[in-house]
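So the structure is just underneath, and the comments pick up after that.
As a basis for the values below, the full set of heavy atoms in this structure was taken, side chains included, without hydrogen atoms, waters or symmetry mates. Letters A, B, ... mirror the listed sequences (proteins, then strands); counts begin at 1.
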Amino acid sequence: MPPFDRSIAAPMPESVKRPGGFSRIPGTQGRDSYNEPMQLLAGLNDEQLAAVTLPAQHALIIAGAGSGKTRVLTTRIAWLIASGQAAATQIMAVTFTNKAAREMLARLGVMTSLNVKNLWVGTFHGLAHRLLRAHWRDAGLPQGFQIMDAADQLAAIKRLLKALGADDEKFPPKELAWFINAQKEAGLRPEGVEAHDDYTRRRVELYAAYEAQCMREGVVDFAELMLRSYELLARNEPLRLHYQRRFRHILVDEFQDTNRLQYQWLKRFVGEENALFCVGDDDQSIYAFRGAEVANMHDFVREFEVANLIRLERNYRSHGNILAAANAVIANNPARLGKNLWTEAPMGEPIRVYAAHDDAEEARFVVEEIQALTRQGMPAAEIAVLYRSNAQSRALEHALFSADLPYRVYGGLRFFERAEIKHALAYLRLVANPHDDTAFLRVVNFPARGIGARTIEQLSDVARAAGTSLYAAIEKLPNAAKFAGFCDLIQRLRAIAHLPLPELVEQTLEASGLRAHYRAEREGQERLANLDELVNAAAGFVAEQSLNRASNDSPTVLLDFLAHASLEAGEHQADEGRDAVQLMTVHAAKGLEFDVVFVCGLEEGLFPHEQSLLERGGLEEERRLMYVAVTRAKRLLYLSHAQTRQLHGQTRYAVASRFLEEIPIDLLKPLTMRSRRREYASSWALPARSAGHRFHIGQSVRHSAFGEGVIIALEGGGRDARAQINFGAAGIKWLALSVAKLEVP
DNA sequence: TATCGAACATTTTTT
DNA sequence: ATGTTCGATA
């Protein structure tokens with residue numbers, strides 16, 4: 001048992017509650033007599049409390065949107081430790097995204113005084129990686145194995161097809177990658193795949209060849225991390241028993257998003273004496289298209305005879321109307337596990353529906369509403385504009401940009417995915433492992449050093465014949481001299497690999513000529529800045545590592561950094577801190593919440609997307625997507641659609657989405673261009689202030705520069721009061737009454 | 001070897 | 001409409 005830690009009893013500071021949106025949780029009446037570890041439990045509702053304090057048995061928590069899912073998960077971990085039921089080392093918590101893992105660790109760090117890095121909290125892939133690093137020999141991997149991201153994998157497959165002389169018309173690399181990943185996620189090695197036709201047989205051969213290539217190069221893709229660690233545990237009984245005994249409690253977040261392999265992987269950890277605690281929401285399963293199996297929730301209950309099934313149905317996030325709309329929409333889905341969210345929050349504002357003529361007008365509408373809201377003091381960062389597909393962001397961005405509203409688009413290229421960063425990392429990967437052909441090919445001639453396609457082809461032939469990596473094949477090449485400079489560079493870098501990581505990175509950037517290359521490029525400024533940022537990232541990484549580990553310049557630092565870069569591509573984006581309107585797809589919004597949410601493009605064919613209607617269960621998944629979108633909003637929800645929309649350069653006509661019709665009409669408030677103007681004033685219930693000015697709508701005024709005008713809208717009060725005035729030929733303007741010198745004729 | 005233009009595709013996406 | 005990829009050309 002761990003020594004009891006008194007600091008655990010510290011009440012959770014307000015700053016921790018707020019991001020989760022739990023600020024409206026009622027007080028802790030009647031629980032004064034609780035002793036210290038139990039203070040962790042203060043403020044939980046009955047169901048949350050029941051879930052958090054469940055005995056060490058398998059459990060499924062069906063946690064509706066905004067019901068305090070993450071809080072339950074983290075509080076349970078803290079509770080298990082604080083109450084002495086488990087040591088920190090006996091707990092494993094699995095999430096899907098790095099962000100979720102980080103958030104869990106951050107909250108735990110505040111709730112407990114544990115050194116949070118000792119906990120096995122991480123993503124499926126992160127934990128799988130950890131296992132493989134620890135047991136690389138048993139897993140049959142080289143010690144310095146590297147992780148390929150999706151782009152690397154695709155490149156590897158293209159290379160494979162070329163090497164085998166396979167027809168890449170017949171086997172499109174993307175499709176082959178999808179096939180291979182799908183097999184791995186079904187737990188199948190090439191030998192296990194059933195092929196009933198020539199085409200599939202050939203694809204299985206290519207799968208086998210791909211595996212051989214990966215092993216030769218010492219690289220693993222994302223699916224391989226899962227499959228190989230799964231096999232490691234499945235085949236190695238002592239190891240499996242070790243982990244089964246070690247992790248008494250296994251907690252899983254977003255369980256509805258697990259694929260088959262991930263569920264099987266989890267099951268390997270479950271033995272006689274441990275408990276699997278899964279939290280999920282079948283109504284928020286929006287990743288079936290990439291293999292997520294909601295059926296895992298049913299299977300889990302059945303296979304483990306789960307007796308503890310708790311529903312968290314109280315929503316702490318949204319106003320009543322918003323929740324009612326969400327419930328009404330999702331009720332149209334058959335075969336749910338069943339759940340009805342409720343709230344004690346006020347009904348709030350009705351849901352505003354806007355029918356635009358076209359996408360440009362829809363965007364203008366959104367922008368004008370946002371301007372009105374921000375003028376009333378709504379922080380821009382609390383406003384999200386959601387859409388079904390990325391293509392829709394263009395019109396919105398255009399309107400926001402024209403209006404000079406700061407905005408941030410999620411889902412762009414991530415830091416470690418930028419070309420210049422991948423180049424730099426490729427050099428570092430060669431330092432760690434010169435036989436990494438993907439890395440080799442990426443930079444052998446970048447910056448250019450006179451090694452052309454022809455030379456590479458010769459080298460490939462030699463390497464294939466000898467069964468070695470490209471790097472190893474160089475010396476066998478007749479014109480090996482061509483590579484002298486490159487080999488020399490790699491040798492020199494390998495010789496200084498023992499230097500502190502930031503220094504090694506710095507040296508790599510200089511010696512490789514990457515810096516010089518981008519300095520010479522006209523538009524290379526940003527790329528140079530990114531390369532500098534990579535040095536910073538390395539320094540930051542080392543600093544963080546040295547906090548957690550004793551050895552800070554062990555030879556694994558480089559390997560760890562490279563794994564970090566692959567596993568956590570980094571959300572690094574410009575202007576992160578700035579107060580900006582948030583633009584993202586509905587998928588990207590899962591798990592987030594905002595005061596105000598706009599859902600755009602609610603049209604048949606777009607949302608629900610026409611492609612989805614062709615797939616089995618597609619409409620249901622679209623509806624869950626709608627449910628996710630709606631439940632992101634705390635106080636104000638806007639739904640908009642357009643009659644026509646520019647798509648692929650053509651005008652498309654569409655009718656309003658069926659999802660709009662699934663919302664009871666009395667929850668909705670249709671807006672029109674004319675009615676809109678005055679609506680938002682009452683919108684999110686700022687205390688009404690007296691206007692404090694002498695103007696009224698319809699009043700005629702005179703402006704020294706713009707001439708005669710008529711007031712068409714007024715808003716705000718006191719010094720913030722503004723009027724929208726139509727000056728005829730001079731246009732329609734918003735003017736601050738405290739600034740503009742208006743005469744009343 | 002770099003650059004230009006044609007062909008192409010364009011739901012959602014983390015690791 | 002627009003970004004990406006691939007092949008032909010200087």
Atom CH2 of A:W178 and atom P of B:dT12 are separated, to the nearest Å, by 17 Å
Kindly state whether the pair A:H648 / B:dT10 counts as stacked, where counting means centroids closer than 5.5 Å and planes tilted less than 30° apart. yes
State which of C:dT2, B:dT11, B:dT15 makes the closest approach to the side chain of A:R394. C:dT2
Stacking between B:dT12 and A:H587, yes or no? Criterion: centroid separation under 5.5 angstrom, plane angle under 30 degrees. no
Near-ring test A:F446/A:F486, centroid separation under 6.0 angstrom: no
Considering only the C1' atoms, how many Å lie between B:dT14 and C:dG3, rounded to the nearest integer? 23 Å
A:K158 NZ - C:dG7 P separation (whole Å): 11 Å
When the distance from CG of A:L592 to P of B:dT14 is rounded to whole Å, what number comes out? 12 Å
Output yes when at least one side-chain N/O atom of A:R414 is less than 4.0 Å from OP1 or OP2 of B:dT15, else no. yes
Among the nucleotides B:dT15, B:dT11, B:dT13, whichever has the atom closest to the side chain of A:E622 is B:dT11
Give the rounded distance in Å between these two atoms: OH of A:Y410 and P of B:dT14. 13 Å
Base, sugar-phosphate, or nothing for A:D149, non-hydrogen atoms under 4.0 angstrom? nothing
Quote, to the nearest angstrom, the C1' distance that separates B:dT11 from C:dC6. 25 Å
In whole angstrom, what separates A:L613's CG from B:dT12's P? 16 Å
Can A:F289 be classed as stacking with the base of B:dT12, given a centroid separation cut-off of 5.5 Å and a plane angle cut-off of 30°? yes
Would you mind classifying the nucleic acid contact of A:F124 as base, sugar-phosphate or nothing, using non-hydrogen atoms under 4.0 angstrom? nothing
A:K99 atom NZ is separated from B:dT13 atom C1', nearest whole Å, by 14 Å
Going from CG on A:N98 to CD on A:E568, what distance comes out if it is rounded to the nearest 0.5 angstrom? 4.0 Å
First encountered from the 5' end of DNA chain B, between A:Q611 and A:A448: A:A448
Nearest listed nucleotide, side chain of A:R388, among B:dT15, B:dT13, B:dT12: B:dT12
Any base atoms under 4.0 Å from A:D221, or only sugar-phosphate, or nothing? Heavy atoms, all strands. nothing
Once you apply a heavy-atom cut-off of 4.0 Å, does A:L614 come out as touching a base, just sugar-phosphate, or nothing? nothing
Does A:R652 pair with A:E610 as a salt bridge, N-O distance under 4.0 Å? yes
How long is the line joining CG of A:N390 and P of C:dT2, in whole Å? 16 Å
Exceeds 12 heavy-atom contacts within 6.0 angstrom, atom CZ of A:R260: no
Could you check whether any side-chain heavy atom of A:D152 comes within less than 4.5 Å of a side-chain heavy atom of A:K422, counting everything from C-beta outward? yes
Please report, rounded to the nearest Å, how far the P atom of B:dT14 is from the CG atom of A:L225. 17 Å
Under 4.0 Å, heavy atoms only, any strand: does A:E615 hit a base, just the sugar-phosphate, or nothing? base
Select one nucleotide: of B:dT11, B:dT13, B:dT15, the one nearest the side-chain heavy atoms of A:S389. B:dT11
Do the non-hydrogen side-chain atoms of A:L647 and A:D359 ever get within less than 4.5 Å of each other? no
